[in-house]
Q: 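Sharing a structure here in structure tokens format.
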Amino acid sequence: MSSSSGMGVKKAREVLRLSPFHTTTELRRAFREAAKRAHPDRKGGDAERFREVVEAFRLLQAAAVERAKADHHIIQPPVPTRPAAEGGLKLAVSPRVAFEGGQTEHGLPDGRRIRLTLPAGLRAGDTVRAGEVLLTVAVRGDGEMMVRGDDLWITVPVDPRLLAEGGRIAIETPLGRRVVWITKKAGERGLVRLVGQGLPPAGHRQGHLFLRLTPQVRETHSAARTLLRRFAAAWAA
């Protein structure tokens, strides 16, 4: 298997520093680490190297799906389609699974449980076929992330001073570390868009990543509370 640019599976493993016997978990971990190293916003990063990392990940992920099909574990990659009729079988996935893909189990109404190997880039309304069963994807927010169409949304606490003054900041998100420039206008709006870092295309539009910025809450103590605490400590003594 090779990509349109001519990259083969062997080259893809070298780009991500993976052995021929890697697992899907190791593939996702290697992709995140390689993407961090190559990201253009990081020191030493490079846009072309980052593109190569993304291409290698997609190639190896597609190869994993083909292997799963050959082993009769399941999966036909989802294709864009109109939503199933009301009452059809639903497959609920988290935003992280929609973004990264991976393995999951699903219970059917007849009591059977099936194991699915899902590709990256699932959207609500996509269909996944497992044998004779057709499932319609529903992406559920998990408290850390939510999906709107092709886009990922994450709420991130930020120092109030940075929101007011603006500046460059490294933010830890459920998808890894992101280096973000926050302008004063973005701080006032409480929103930053990272172009092209949302759900991967997979037959759809490339999504964006939206960071909803909230002031970081810090515990403050008034003079009255401090005096009350001291009084309580003295009384206890």
Q: Of all heavy-atom pairs between Thr214 and Leu163, which one has the smallest distance, and what is that distance?
A: C-CD1, 4.1 Å

Q: Is there a side-chain contact (heavy atoms from CB on, under 4.5 Å) between Thr104 and Val93? Walk through the geometry before answering.
A: CA-CA 9 Å; Thr104 186; Val93 301; 5.5 Å; no

Q: If we only count heavy atoms from C-beta on, is the Leu213 to Leu191 side-chain gap below 4.5 Å?
A: no

Q: Return the minimal non-hydrogen interatomic distance between Gln197 and Phe99, and the atom names on each side.
A: O-CE1, 3.9 Å

Q: Distance-only, no hydrogens or angles: does the Asp151 side chain make a donor-acceptor pair with backbone N or O of His208 under 3.5 Å?
A: yes

Q: Using a 3.5 Å distance criterion without hydrogens, assess whether the side chain of Gln206 forms a donor-acceptor pair with backbone atoms of Gly196.
A: yes

Q: Count I, L, V, M, F, W, Y as connected when their side-chain heavy atoms are under 4.5 Å apart, and connections chain through other members. Are Val54 and Leu59 then in the same cluster?
A: yes

Q: Decide whether Leu91 and Ile114 are clustered together by the hydrophobic rule: side chain heavy atoms of Ile, Leu, Val, Met, Phe, Trp, Tyr closer than 4.5 Å, transitively.
A: yes

Q: Over all heavy atoms of both residues, which pair between Ala202 and Ala120 is shortest? Give the atoms and the distance, please.
A: CB-O, 3.6 Å

Q: Run the numbers on Arg37 and Arg17 for side-chain contact (heavy atoms from CB on, under 4.5 Å), then give the verdict.
A: CA-CA 12 Å; Arg37 292 192 299 268; Arg17 303 177 185 178; 3.6 Å; yes

Q: Counting C-beta onward and ignoring hydrogens, is there a side-chain heavy-atom pair between Ile169 and Asp159 closer than 4.5 Å?
A: no

Q: Please report the closest heavy-atom contact between Leu60 and Ala12, naming both atoms and the distance.
A: CG-CB, 3.8 Å

Q: Are Arg177 and Asp41 close enough for a salt bridge, meaning some N to O gap below 4.0 Å?
A: no

Q: Would you say that Val137 contacts Leu135 through its side chain, given a criterion of any heavy-atom pair below 4.5 Å between the two side chains?
A: no

Q: Quick one: do Arg51 and Glu55 make a salt bridge, cutoff under 4.0 Å?
A: yes

Q: Might you point out which heavy atoms bring Leu122 and Val139 nearest each other, and give the distance in Å?
A: O-CG2, 4.4 Å

Q: Does some side-chain heavy atom of Met7 sit less than 4.5 Å from a side-chain heavy atom of Arg58?
A: no

Q: Honestly curious: do Ile154 and Met146 fall in one hydrophobic cluster under the side-chain, below-4.5 Å linking rule?
A: no

Q: With a 4.5 Å heavy-atom cut-off, do Val156 and Val192 have their side chains touching?
A: no

Q: Should the heavy atoms of other residues, nucleotides or ligands under 6.0 Å from CZ of Arg205 be counted, would the total exceed 12?
A: yes

Q: Within a strict 4.5 Å, meaning less than it, do heavy atoms of the Gln216 and Val158 side chains meet?
A: no

Q: Does His106 have any ring-ring contact (aromatic ring centres under 6.0 Å, His included) partners at least two apart in sequence or in another chain, and if so, which?
A: none

Q: Using 30° and 60° as the class limits, which term best fits the ring planes of His39 and Phe50: parallel, tilted or perpendicular?
A: perpendicular

Q: Any idea which heavy atoms bring Ala30 and Leu16 closest together, and the distance?
A: CB-O, 3.5 Å

Q: May I ask you to decide if Trp153's main-chain N or O and Arg148's side chain share a donor-acceptor pair within less than 3.5 Å?
A: no

Q: Using the rule given for side-chain contact (heavy atoms from CB on, under 4.5 Å), can you reason through Leu209 versus Arg178, listing the C-alpha separation, both sets of side-chain angles and the distance that settles it, and then say yes or no?
A: CA-CA 11 Å; Leu209 174 60; Arg178 296 290 190 273; 3.9 Å; yes

Q: Can a donor-acceptor pair be found, under 3.5 Å and without considering hydrogens, that links the side chain of Arg123 to the backbone of Gly121?
A: yes

